[in-house]
Amino acid sequence: MLNKCWVVIPAAGVGARMQADRPKQYLPLVGKTVIEHTLACFLEHPAVVGIVVAISEGDPYWAELTATTLSEWENVYTAPGGRERADSVLNALDYLANTLQVNADTSVLVHDAARPCLSRPDVDKLLAEGMEETAGAILAVPVRDTMKRAQLDTQRIAHTEERNGLWHALTPQMARLGVLQDALTHALQMGLSVTDEASALEQFGLHPILVEGDARNIKITRPADLALATFFLMEAANTSHFTQ
Ligand SMILES: Nc1ccn([C@@H]2O[C@H](COP(=O)(O)OP(=O)(O)OP(=O)(O)O)[C@@H](O)[C@H]2O)c(=O)n1
Ligand SMILES: C[C@](O)(CO)[C@H](O)COP(=O)(O)O
C-alpha cells in the first residue's frame with residue numbers, strides 16, 4: 001500500500017522506574033491516560049491503516065479503554081507482550097504478518113506507549129523521509145550536553161565522548177514489516193542487546209536514517225517526566241502544535 005503504514009505500540013511494560021501504582025502507560029495525564037494520548041496521534045492519521053498494541057497478559061486496564069475511548073475504532077488490535085520490549089514488538093509484528101496477513105513490504109512505525117507527546121508534524125516528517133528508505137528511519141534529536149563515559153567500576157569520569165554525530169534515539173522507528181521481523185528475530189536468536197528497532201536493523205547490517213524530531217517527544221520513565229509531559233501537552237493544546 002503506497003504511502004500507508006501500520007503502527008505497533010509496545011505497551012506491555014510494568015514501569016518499574018516510575019514507582020507508580022500501575023504501569024505508567026495507564027497513569028492519568030491531562031484528562032486521559034498516557035496511552036490514550038499516544039494512540040490519539042495515530043488513530044485519525046490518514047496514512048495509518050491500523051494499530052497493534054502489545055499488552056501484557058492479564059492487563060486489567062486495556063479493557064476499560066476498548067469500552068470507552070477505543071470503542072469506535074475497528075482498526076486497533078492487541079498482541080501479547082513479551083519478556084522485553086523487543087519481544088513485545090516482535091509479537092506484534094508476527095501478529096501483523098500471520099494473523100492480519102499484512103504484506104512484508106508494508107511500512108511499520110513502532111512507537112513507545114510511554115511517549116505521549118509525539119506531534120503530528122513529527123509523524124508526517126518521519127513518513128515523508130522514511131517511506132522509501134529500505135534501511136529504516138527513526139526520529140532522533142542531536143545530543144546537546146557534553147557526554148561523559150564513566151569508569152567501569154567507579155562513578156568517576158573515564159573520558160568525554162565525542163559529541164558531534166551523537167543523537168538521542170526516539171520513537172517512532174520505521175521499517176518494512178518483513179525486514180524488521182527478520183532483524184529482530186536474528187538479534188534475539190543471537191542474544192544481542194536490542195533496546196530499539198534500529199539496533200536490530202544495525203546488527204542486521206543496515207544503516208537507518210536519522211530524522212530530526214522534537215525534543216519534547218519524551219519517554220515517560222521516571223516520576224518527574226509526568227510533570228514535564230503535562231507541561232508539553234498543555235503547551236501544545238494552547239498552540240495546536242500537536243494537531244496541525
Ligand atoms: N516487556 C516490555 C517492556 C517494555 N514495553 C514497552 O516499551 C516501552 C518503552 O519501555 P520502558 O520505558 O522501558 O517501559 P517499562 O519497561 O515499562 O519501564 P521500566 O524499565 O521502568 O520497567 C513502554 O511503552 C513499555 O510499555 C513492552 O511493550 N514490553
Ligand atoms: C526505544 C527507545 O525509546 C529509544 O530511545 C528506548 O530504547 C527504550 O528503552 P527502554 O529501556 O525500553 O525504555
Side-chain angles (χ1 to χ4, degrees), residues 7-27 29 33-42 51-62 65 76-96 108-118 122-123 126 130 136-145 147 166-175 180 183-184 187-188 192-203 208-226 228-229:
V7 174
V8 164
I9 303 287
V14 296
R17 289 170 285 181
M18 200 69 199
Q19 300 172 324
D21 65 349
R22 67 194 64 194
K24 59 191 179 184
Q25 56 271 29
Y26 294 111
L27 288 174
L29 175 66
T33 59
V34 168
I35 193 170
E36 287 173 281
H37 286 282
T38 302
L39 289 168
C41 208
F42 300 107
I51 303 171
V52 178
V53 184
I55 60 173
S56 59
E57 188 178 356
D59 176 326
Y61 304 99
W62 179 255
L65 293 189
V76 179
Y77 306 86
T78 60
R83 189 172 64 84
E84 302 290 340
R85 180 185 178 281
D87 301 297
S88 299
V89 171
L90 187 53
N91 286 347
L93 297 176
D94 289 345
Y95 183 86
L96 276 173
V108 178
L109 274 62
V110 182
H111 182 61
D112 295 329
R115 289 185 187 268
C117 300
L118 173 66
D122 268 15
V123 175
L126 179 67
I138 76 168
L139 283 182
V141 286
V143 163
R144 294 177 174 81
D145 305 309
M147 306 301 284
L166 210 52
W167 294 64
H168 292 284
L170 309 178
T171 68
Q173 303 200 3
M174 178 179 187
L180 189 51
L184 277 170
L188 293 172
L192 301 171
S193 167
V194 179
T195 56
D196 70 345
E197 287 62 59
S199 47
L201 295 166
E202 296 154 38
Q203 288 157 15
I209 60 171
L210 292 154
V211 177
E212 184 165 356
D214 190 318
R216 287 170 289 190
N217 176 14
I218 62 169
K219 181 164 68 71
I220 293 177
T221 306
R222 293 182 170 80
D225 299 328
L226 213 52
L228 194 53

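Read the numbers this way: they start at 1 and go in the same order the structure lists the ligands and their atoms. Because the structure is predicted, anything quoted here is derived from the model rather than measured.
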Next item on the list: Could you see which bit of Arg115 sits under 4.0 Å from ligand 2, with heavy atoms only: side chain, backbone, both or neither?
Entry: side chain
Check: Counting only heavy atoms, which portion of Thr221 has something under 4.0 Å from ligand 2: side chain, backbone, both, or neither?
Finding: neither
Item checked: Distance filter under 4.0 Å to Arg85 heavy atoms, resulting ligand 2 atoms -> 1 (C), 12 (O)
Next item on the list: Identify, by atom number and element, the atoms of ligand 2 in contact range of Asp196, meaning under 4.0 Å from any of its heavy atoms.
Entry: 1 (C)
Check: Among the heavy atoms of Gly81, does any lie under 4.0 Å from an atom of ligand 1?
Finding: no
Next item on the list: Enumerate the atoms of ligand 1 whose separation from the nearest heavy atom of Glu84 is less than 4.0 angstrom.
Entry: 1 (N), 2 (C)
Note to self: Please list the nearest protein heavy atom to atom 13 (O) of ligand 1 with its residue and the distance rounded to 0.1 Å.
What the structure shows: Arg17 NH2, 2.8 Å
Check: Has the side chain of Asn91 got a donor or acceptor atom that lies under 3.5 Å from a matching backbone atom of Ala79?
Finding: no
Check: Is there any N or O on Gly82 that sits under 3.5 Å from an N or O of ligand 1?
Finding: yes
Check: Do any nitrogen or oxygen atoms of Gly15 lie less than 3.5 angstrom from nitrogen or oxygen atoms of ligand 1?
Finding: yes
Notebook entry, point to check: Is there a heavy atom of Arg17 sitting under 4.0 angstrom from any atom of ligand 2?
Noted result: yes
Margin query: If we only consider heavy atoms of His168, is any one of them less than 4.0 Å away from an atom in ligand 2?
Written below: no
Note to self: Regarding atom 23 (C) of ligand 1: of the candidates Ala86, Pro10, Gly13, which has the closest heavy atom?
What the structure shows: Pro10
Check: Which is closest to atom 8 (C) of ligand 2 in terms of heavy atoms, Thr195, Ile138, Val89?
Finding: Thr195
Next item on the list: Report the part of Ala12 (side chain from C-beta onward, or backbone N, CA, C, O) that has a heavy atom under 4.0 Å from ligand 1; answer both or neither where that applies.
Entry: both
Next item on the list: Check each heavy atom of Lys24 against ligand 1 and say whether those closer than 4.0 Å belong to the side chain, the backbone, both or neither.
Entry: side chain
